[in-house]
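Working notes, beginning with the structure itself.
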Amino acid sequence: MARSDLVLYRVDNHVALITINDPDRRNAVSDAMSAQLRAAVQRAEADQQVHAVVVTGAGKAFCAGADLGALGEAAESALLRLYDGFMAVGNCTLPTIAAVNGVAVGAGLNLAMAADVRIAGPTAVFDARFQKLGLHPGGGATWMLHRAVGPQVARAALLFGMSFDAHAAVAHGLALSVADDPVAAALELAAGPAAAPREIVLATKATMRATASPGSIDTEQHELAKRAELGPQAASIMSPEFAFRLAAARRK
């Protein structure tokens, strides 16, 4: 039976704090966690008293990626279930902040990038790591990295394996700032929309999505990228190379 506490939710001063909560597994994304994350985001959107959302991880990690065991058996439909939580963050109508308190790897990096703003803790590491696992990027990672850091740095991350500590993430635009307590810093930043009329907050985010690339909405671009990556990622999972690297990762 799936645990019911893989995602924690609380509201304070018009801000929903959503915490992915499997610290013993460094908050690796499973189907159950992904579904609970989507439900938490939808709960925040439905609550008229919530004006902003902060997402963080329990323990020392933000999110160490997708559950490798689940990926080893995944086809396209299973991948979509794993993506569902961070896609909910990406599609959220409210302002979203990722308080990246530790490593954000693979799908964990996707979760961080799905937020509007990222604040890095001193031990944060942003690492795509797809190529190291013999895995094609997925979940719209190619589009989100291009959007966050530009084409050259996105290529350095996805083609050359570049990762970013907290200060490098800020230097390249992947994070807004570094804070000793990223959750506290995120809640402080969220006080802005928390104090504003909710309808203005929602309308401003919607307009920014529409004007980021006139003629389309940025969530539509994310969906197109996710779909473009899905087939190649599913095929890479079935390769002997991925099976070998997956087995090696499990032994560590």
Side-chain angles (χ1 to χ4, degrees), residues 7 17-30 33-34 37 54-68 71 82-83 85-86 89-90 96-186 189 233 245-246 248-252:
V7 173
L17 176 62
I18 297 173
T19 304
I20 52 176
N21 182 45
D22 196 358
D24 291 342
R25 298 174 60 254
R26 301 200 303 163
N27 302 318
V29 179
S30 62
M33 177 186 285
S34 183
L37 178 56
V54 173
V55 180
T56 193
K60 296 181 179 180
F62 177 71
C63 177
D67 182 300
L68 291 177
L71 274 180
L82 289 173
Y83 299 162
F86 66 73
V89 174
T96 54
I97 305 170
V100 184
N101 53 303
V103 295
V105 176
L109 176 60
N110 283 358
L111 173 57
M113 291 193 297
D116 296 314
V117 171
R118 289 155 293 284
I119 295 177
T123 62
V125 176
F126 300 79
D127 187 357
R129 203 173 292 185
F130 295 108
Q131 194 172 71
K132 296 173 187 174
L133 291 172
L135 185 64
H136 189 281
T142 54
W143 175 77
M144 287 192 288
L145 269 166
H146 273 111
R147 176 184 66 168
V149 298
Q152 178 172 247
V153 179
R155 286 171 171 83
L158 292 174
L159 297 176
F160 297 95
M162 181 178 177
S163 62
F164 309 85
D165 64 16
H167 293 284
V170 172
H172 290 292
L174 189 53
L176 177 68
S177 61
V178 181
D180 289 337
D181 185 340
V183 174
L189 184 63
Q233 187 177 53
R245 291 172 183 253
L246 175 61
R250 284 172 169 167
R251 289 194 294 269
K252 290 182 179 179

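In this text the structure is predicted, and so the values were computed from the model without any measurement. Side-chain atoms are counted along with the backbone in the values below, which use heavy atoms only and exclude waters and symmetry mates.
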Taking every non-hydrogen atom, the tightest pair across Met144 and Gly139: CE-O, 3.6 Å
Would you indicate whether the side-chain heavy atoms of Leu176 and Leu189 approach each other to under 4.5 Å? yes
Return the CG to CG distance between Asp127 and Asp165, rounded to the nearest 0.5 Å. 11.5 Å
Are any of the side-chain heavy atoms of Thr56 and Pro182 separated by less than 4.5 Å? no
Please report the closest heavy-atom contact between Val7 and Ile20, naming both atoms and the distance. CG2-CG2, 4.2 Å
Are the side chains of Gln131 and Leu158 in touch, meaning some heavy atoms are under 4.5 Å apart? no
Interatomic distance, CZ@Arg155 vs CE@Met162, rounded to 0.5 Å, equals 14.5 Å
Can you tell me how far the OG1 atom of Thr142 sits from the CZ atom of Phe130, to the nearest 0.5 Å? 9.5 Å
Using only atom types and a distance under 3.5 Å, with no angle test, would you say the side chain of Asn101 pairs donor to acceptor with the backbone of Gly59? yes
In short, Cys63 meets Val29 closest at the heavy-atom pair SG-CG2, 3.4 Å
Residue Lys60 excluded, over 12 heavy atoms near NZ under 6.0 Å: no
Could you tell me whether the side chain of Asn27 and the main chain of Ala58 form a donor-acceptor pair under 3.5 Å? yes
Shortest non-hydrogen pair, Phe164 vs Ala157, comes out as CE1-CB, 4.0 Å
Side-chain donor-acceptor distances from residues 102-120 under 3.5 Å, at least two apart:
residue : atom : partner : partner atom : Å
Asn110  : ND2  : Gly138  : O            : 2.9
Asp116  : OD1  : Lys205  : NZ           : 3.3
Asp116  : OD2  : Thr96   : N            : 2.8
Asp116  : OD2  : Thr96   : OG1          : 3.2
Asp116  : OD2  : Lys205  : NZ           : 2.8
Arg118  : NE   : Leu174  : O            : 2.5
Arg118  : NH1  : Ala112  : O            : 3.2
Arg118  : NH1  : Met113  : O            : 3.4
Arg118  : NH1  : Ala115  : O            : 3.0

With a 3.5 Å cut-off and no angle check, do the side chains of Asp67 and Ser30 form a donor-acceptor pair? no
Report the distance from atom NE2 of His167 to atom NE2 of His172, rounding to the nearest 0.5 Å. 13.0 Å
Taking every non-hydrogen atom, the tightest pair across Phe126 and Ala175: CZ-CB, 4.3 Å
